[in-house]
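Only one structure is covered here, and it is reproduced in the block below.
Order of the sequence lines sets the chain letters (A, B, ...), proteins ahead of strands, with each chain counted from 1. We use all heavy atoms of the structure for the numbers below, so side chains are in, but hydrogens, waters and symmetry mates are not.
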Number of protein chains: 2
Amino acid sequence: MKYVEAKEELIQAWGNLGYSWGLNKTMAQIHALLMISPKPLSTEEIMLELSISRGNANMNIRALLDWGIISRILIPGERKEFFKSEKDIWALARQVAKERRKRELEPILKVLREVNDVQSDGSEDTKELKRVVKDLKNFAEKSDGLLETFIKSEESWFWNVLLKIMK
Amino acid sequence: MKYVEAKEELIQAWGNLGYSWGLNKTMAQIHALLMISPKPLSTEEIMLELSISRGNANMNIRALLDWGIISRILIPGERKEFFKSEKDIWALARQVAKERRKRELEPILKVLREVNDVQSDGSEDTKELKRVVKDLKNFAEKSDGLLETFIKSEESWFWNVLLKIMK
DNA sequence: GGAAACTTTCAAAAACTATTGAAAGTTTAG
DNA sequence: CTAAACTTTCAATAGTTTTTGAAAGTTTCC
């Protein structure tokens, strides 16, 4: 397989995966492009490589900065801003986990805690609801704890533990 | 908090979480409704409770069946079909993990394996690409293994192991 | 100051996804 | 066989998200 072909396939595939991680398509593609680029790229270069508009590039670059998975680079003697991606996939995964925890898990935990003290009127419906909420809450809290551990962990330590589990 | 209020909040919140797990909004809401219902519901009842159309109800029920997270129930003496959800959240999480592994992780692994044998022409770009692909592949394969273990594991065993990790 | 280089914004357009509901299809009971 | 009960389909519509690009804003340099 040729370089250009491989590059395109990879951007495509990473775009899809990023999408299922909660980024949007363009965000994920910009990230993929920066991942495989040996040097930082400017907005201009990103627009050109991915054939996207200036506005689109700008917005998604900002979103990536916001998620903390790419960073702004100032090159001496250049007026443009350049961007580079965190190349360590482990760090990236941790960052994504952190964002998603904040954006997704925390809101549902809040609701579960509220709903938890629904008035029990003794009916089947209420009983079932209470049971389900209890289970969900338990599950969500355990997941939250696990995520927290993951986010704070060291790569080698984590994989070693998992290796043991997977045996 | 009153029952009806709690029910609505929960359907809403579960709808959002389901969405971030890869279901769509209505799918997730139908699932939430079935989760908290003590008895199986018919399409009619689902339509009514969620104020959605027949077609929409039908399609999303089918999608849930497809994901394997709800099941069809035949009640003797009734001609309608009824549906109930898997109530064990652990089993549900495992099922979702299984589907997403199939839908998301497998395709990218395939691409990574293909892209892996790009011709190295000695340039910086090619070197960087190879490096990134190697890392991604390593990460994706480890994740795949972990997911596999999770999908096949027993609840109590899994949480016990994780509890130990999290200390 | 003012012009060039660059970044940000945002309303409009395009692309994509979800929903409706009526019609067609299927199954069951008598 | 036929009517009633129920399920499925799908073209049209509604709703949401993404993208565009031109204009406005900002920074830098002489």
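Between B:Glu45 atom CD and D:dT7 atom P there is a gap of 11 Å when expressed in whole angstrom units. Across the protein-nucleic acid pair, B:Glu44 atom CD and D:dA4 atom P stand 18 Å apart, rounded to whole Å. Here C:dT7 presents its P atom at 9 Å from CZ of A:Phe82, a figure rounded to the nearest Å. In this structure, B:Ile61 atom CD1 and C:dA18 atom P are separated by 17 Å, rounded to whole Å. Per the geometry, CD1 belonging to B:Ile46 stands 16 Å off C1' belonging to C:dT19, to the nearest Å.
With sequence neighbours left out, the side chain to side chain donor-acceptor pair (under 3.5 Å) criterion links A:Lys102 to no other residue. Residues that satisfy the salt bridge (charged side-chain N to carboxylate O under 4.0 Å, His left out) test with B:Glu44, not counting sequence neighbours, are B:Arg54. By the ring-ring contact (aromatic ring centres under 6.0 Å, His included) test, A:Trp90 pairs with A:Phe150, A:Phe158, A:Trp159, sequence neighbours left out. Partners of B:Arg79 under the side chain to side chain donor-acceptor pair (under 3.5 Å) rule, at least two apart in sequence or in another chain, do not exist in this structure. Scored by the side chain to side chain donor-acceptor pair (under 3.5 Å) test, A:Gln95 finds no partners at all (sequence neighbours excluded).
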Test B:Glu45 against B:Ser42 for side-chain hydrogen bond (donor to acceptor under 3.5 Å, both in side chains), laying out the working first.
-> CA-CA 5 Å; B:Glu45 289 167 303; B:Ser42 66; 3.2 Å; yes

Using residues 65-75 of chain A as the side-chain source, report each donor-acceptor pair under 3.5 Å to any protein atom, sequence neighbours left out, with the distance given to one decimal.
from	atom 1	to	atom 2	distance (Å)
A:Arg72	NH1	A:Glu81	OE1	2.8
A:Arg72	NH1	A:Glu81	OE2	2.9

Listed pairs under 3.5 Å, donor-acceptor, residues 2-19 of chain A side chains, sequence neighbours left out:
from	atom 1	to	atom 2	distance (Å)
A:Lys7	NZ	A:Glu49	OE1	3.4
A:Lys7	NZ	A:Glu49	OE2	3.1
A:Trp14	NE1	A:His31	ND1	3.0

Can you check nucleotides 26-29 of chain C for protein contacts, nitrogen or oxygen pairs under 3.5 Å, and list what you find?
from	atom 1	to	atom 2	distance (Å)
C:dT27	O2	B:Arg79	NH2	3.3

With B for base contact, S for sugar-phosphate-only contact and - for none (protein heavy atoms under 4.0 Å), nucleotides 8-26 of chain D reads BB--------SSBB-----

